[in-house]
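Encoded as C-alpha cells, the structure appears first; notes follow it.
What you see is a predicted model; the values in this text were computed from it and never measured.
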Amino acid sequence: MPEVSDGSTSPGVSRRGVLAGAGAAAVTVLGTGDAEAQAAPEAFGPVTVRPGDLRYDNLLRGNNFRFAGRPDEIRVVGSTEQVVRAVQEAVRTGRRVAVRSGGHCFENFTADPAVRMLLDLSPMNAVGYDAGRRAFAVQPGATLGHVYRTLLTGWGVTIPGGSCPEVGAGGHFTGGGYGALSRRYGSVVDHLYGVEVVVVDRDGTARAVVATREPDDPNRDLWWAHTGGGGGNFGVVTRFWLRSPGATGTDPSRLLPPAPRRMVQHVVIWSWEHMTEQALTGLMRNFGNWHERNSAPGSPHAGLYGLLQPSHRAGGTVMLVAQIDADLPGADGMVTGFVSAVTDGVDLTPAYDQRRTMPWLHRMTWPGSGEPGDVLTRRYKIKAGYLRRGFTETQLAAIYRNLKNDTGGPGAGLLLVGYGGQARAVAPGATAIAQRDVVMKAVYQTIWEEEKHDTANLAWVREFYRDVYAGTGGVPVPGEVDDGSYINYPDADLADPAWNTSGVPAHTLYYKDNYPRLQRVKARWDPRDVFRHALSIEPPKAR
C-alpha cells in the first residue's frame, strides 16, 4: 500500500484541517506558522513485537487464516515518519518488508515466509478534511466503515467503496475500489486526488513523497499507479486525498458525492431444493442481459446495484439483492423492474422475498456482512473475472454443473456483482484500471473453517474456475465476453502455468495495456524492487 510525498512536511501538520481517528475525538491540526497553533497528539508507536511476545500471535494473521508468516518482527506504526524509519531500517539490514492495513488480502502477500518485517498500519486510521488541498485525507488503516461514518457525520459526503465495513482503506483504494455506488459515481480511485507514499530511492534512501493528479505534478505517474495498480508494488501509502474531478470551491460538502439518506434493499432467496438447470441459468442469463442493457454512463438505471449469489447446492440457496438510493426518482419502480427482469420466465417460488428501506449508513457499517472475516478462523480462496457481457451458454452450463456437483461445500459458490455505469465513463488509460468497458464482476469463492478441509476446498474452486473458462485456457482472457480480473481479488493461480494454460500472463489479465506504464513507474519509484509479492509489478527487463 504505497503512497507518496514530495519530501516536505507531512500533510496535516503543514496545513490547517480536521482529522478524526477511529475511537478518538476530532483533532484540529493547524499549520506550524499559525499563532494559534496547537500541538497535535503524539502519534501511536512505533511498537515492535517479536516472537515470544504475548502480542505476536494476536497480531500475526490477517483475516484469511490459511496464511500466517513468521516475520522477525511486526512493526506497528502510527505516522509517516515512523514508516520512513521502519522502511529505512529494513533496507539497511537487508530484510524483506510487507505492509498490512486492514489485513484482507486474499493471498499470502503479507505472510510470505520471505517477509522478515511486517508493517502494521492499523493505528494510522485518521479521516478528515485537509483545507489546504481542498480534499479529504484518509489514512490507510482506516476501515471502510469508519471512512463512511466520518465522511457522512462531518460533511454528508461519501465515496463509492465496498460494502464490507472492516476492510482497510489502504488495500481497497490502491486496487481501485468499488461498491454499491460505483455504477452511479464510478470507482473509488476516480475520486482520488493524491497520495503520500514512502518510497526507496536507488541509493537505498527511504523518503515520503506526495503525488497528485495535477497535470503539472512531476510525481503524477506515482499518483496514476495508485489508481488501480494494487498495493505493495511501489512503496507504503501513508495517506490518500479524495476530491471528485471537476469539484470546485472550498465547501467540503460539495467536493465528494453526497451520501444517500436512505437505501431501498430488496432480497429474494430461493431454495436449491427445487432448483433446476433451466431455472438457475435463466436467472444468471437474465441478470447478465439486464446489465448489458442498463450499464451505460448516465443510464437512468445506473443508480441501481444488483447482486446474484448462487451458492453451491450444499449451501442450499440462491439469492438476488437489489439496492438503490431511496430518494432517486422512481427508485421503487426501478427495483421492481429489475427483480421482474431477472426472474422473467423462471418458474420458482421464493423462500424469502422482502423489500426494506433503511438508513444508508446502517447498511454500510452494520457488522456481520457475510464477507470473509466475520467468523473466527475462517479460511478462503477467491478467484474472479470481469464480464463485458453475460456468460455464454457454455459457461452457464459449466456453472450449474459445478454448483450441483458432490465436491463443493456449504461455503462454496458464485457471486455476480453489477458494475459499469459511471465506471465506464473513464478511459482505460486515465487510471490504472484498464477494464472500463465491463458490466459485471464474477467472484468464485469457497469459505471454510478447518485446515483439514483445505485440499478439498481449493480443488473445488480451482476446477470450477477452470471449467467456466475452459475455452480460454482456464482463465478469463480479455475478449468479447471476458476481460481479465480485478487485482483486489488477487489469485496467484493466474501466474501458475498449471492453472493458466492460456499463454496470457497474469499481468495482462490484471492490467492489460496499462502494464508497461506500471513497469515504468516501478522502475522510477522502486528501482531496488523493495516492495514485491507473488503478483507484484515487475521492473522492466533490461534490453
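With values rounded to the nearest 0.5 angstrom, N233 atom CG is found 7.5 Å from I487 atom CD1. Annotation: the span from W241 atom CH2 to Y129 atom OH amounts to 13.5 Å, rounded to 0.5 Å. Note that CG of L256 is 10.5 Å distant from OH of Y185, once rounded to the nearest 0.5 Å. With values rounded to the nearest 0.5 angstrom, D325 atom CG is found 4.5 Å from R184 atom CZ. Between atom OH of residue Y469 and atom OG1 of residue T501 there is a gap of 14.0 Å, rounded to the nearest 0.5 Å. For the atom pair CZ of R243 and CZ of R213, the computed distance is 5.5 Å after rounding to the nearest 0.5 Å.
Residues D190 and R436 are paired through a salt bridge, judged by an N-O separation under 4.0 Å between the basic side chain and the carboxylate. Salt bridge annotation for D491-K381: present, with a cationic side-chain nitrogen under 4.0 angstrom from a carboxylate oxygen. Salt-bridge check for R389 with E480: passed, with a basic side-chain N closer than 4.0 Å to an acidic carboxylate O. In summary, R462 and D493 engage in a salt bridge, as defined by a charged side-chain N under 4.0 Å from a carboxylate O.
Residue pairs meeting the salt bridge (Lys or Arg N to Asp or Glu O under 4.0 Å) criterion with at least one member in residues 505-516, sequence neighbours excluded: D483-K512.
Scanning both residues, V439 and S295, for their nearest heavy atoms gives CG1-CB, 3.7 Å. D332 approaches V264 most closely through the heavy-atom pair OD1-CG1, 4.5 Å.
Q139 contributes a side-chain N or O that, together with a main-chain N or O of A126, makes up a donor-acceptor pair within less than 3.5 Å. Between the E292 side chain and the G390 main chain, a donor and an acceptor come within less than 3.5 Å of each other. In this structure a side-chain-to-backbone donor-acceptor pair under 3.5 Å is present from Q435 to Y510. Checking side-chain atoms of N286 against main-chain N and O of V342 turns up a donor-acceptor pair under 3.5 Å. Checking side-chain atoms of N294 against main-chain N and O of S299 turns up no donor-acceptor pair under 3.5 Å. Looking only at distances, a side-chain donor or acceptor of T174 sits under 3.5 Å from a matching main-chain atom of G171. Proximity of a side-chain donor or acceptor of H226 to a complementary backbone N or O of A211 within less than 3.5 Å is not detected. A donor-acceptor contact shorter than 3.5 Å is absent between the side chain of R520 and the backbone of P540. In this structure, N219 contributes its side chain and L222 its backbone to no donor-acceptor pair below 3.5 Å. Side-chain atoms of H146 never come within 3.5 Å of backbone atoms of G141 as a donor-acceptor pair (strictly under, hydrogens ignored).
For M275, the side chain to side chain contact (heavy atoms under 4.5 Å, CB included) partners are W270, W272, A279, L280, V318, L348, not counting sequence neighbours. With sequence neighbours left out, the side chain to side chain contact (heavy atoms under 4.5 Å, CB included) criterion links P359 to H362. Not a single ring pair (Phe, Tyr, Trp, His ring centres under 6.0 Å) links W499 to another residue, sequence neighbours left out. Residues forming a side chain to side chain contact (heavy atoms under 4.5 Å, CB included) with V167 (at least two apart in sequence, or on another chain): H104, L144, C164, H172.
F287 and F338 have perpendicular rings, their planes meeting at more than 60° on a 0 to 90° scale where under 30° would count as parallel.
The closest side-chain heavy-atom distance from D353 to H266 is below 4.5 Å. Residues P476 and Y465 are in side-chain contact: their nearest non-hydrogen atoms beyond the backbone lie under 4.5 Å apart. Contact annotation: the side chain of W155 approaches that of T150 to within less than 4.5 Å [non-hydrogen atoms, C-beta and beyond].
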### Task
Decide yes or no on salt bridge (charged side-chain N to carboxylate O under 4.0 Å, His left out) for R532 and E538, but give the supporting numbers first.
CA-CA 8 Å; R532 61 191 187 275; E538 295 182 353; over 6 Å; no
Can you give me every donor-acceptor pair (side chain of residues 411-420, partner residue at least two apart or in another chain, under 3.5 Å) with its distance?
unit_1, atom_1, unit_2, atom_2, d
Y419, OH, S187, OG, 2.7

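Within a 6.0 Å radius of CD in E277, more than 12 heavy atoms belonging to other residues, nucleotides or ligands are found. Within 6.0 Å of the CG atom in D251, the count of heavy atoms belonging to other residues, nucleotides or ligands exceeds 12. Atom CZ of R388 has more than 12 heavy atoms from other residues, nucleotides or ligands within 6.0 Å.
Checking each of Y193, F136, F173 against F240 for a ring pair (Phe, Tyr, Trp, His ring centres under 6.0 Å) leaves exactly one that passes, namely F173.
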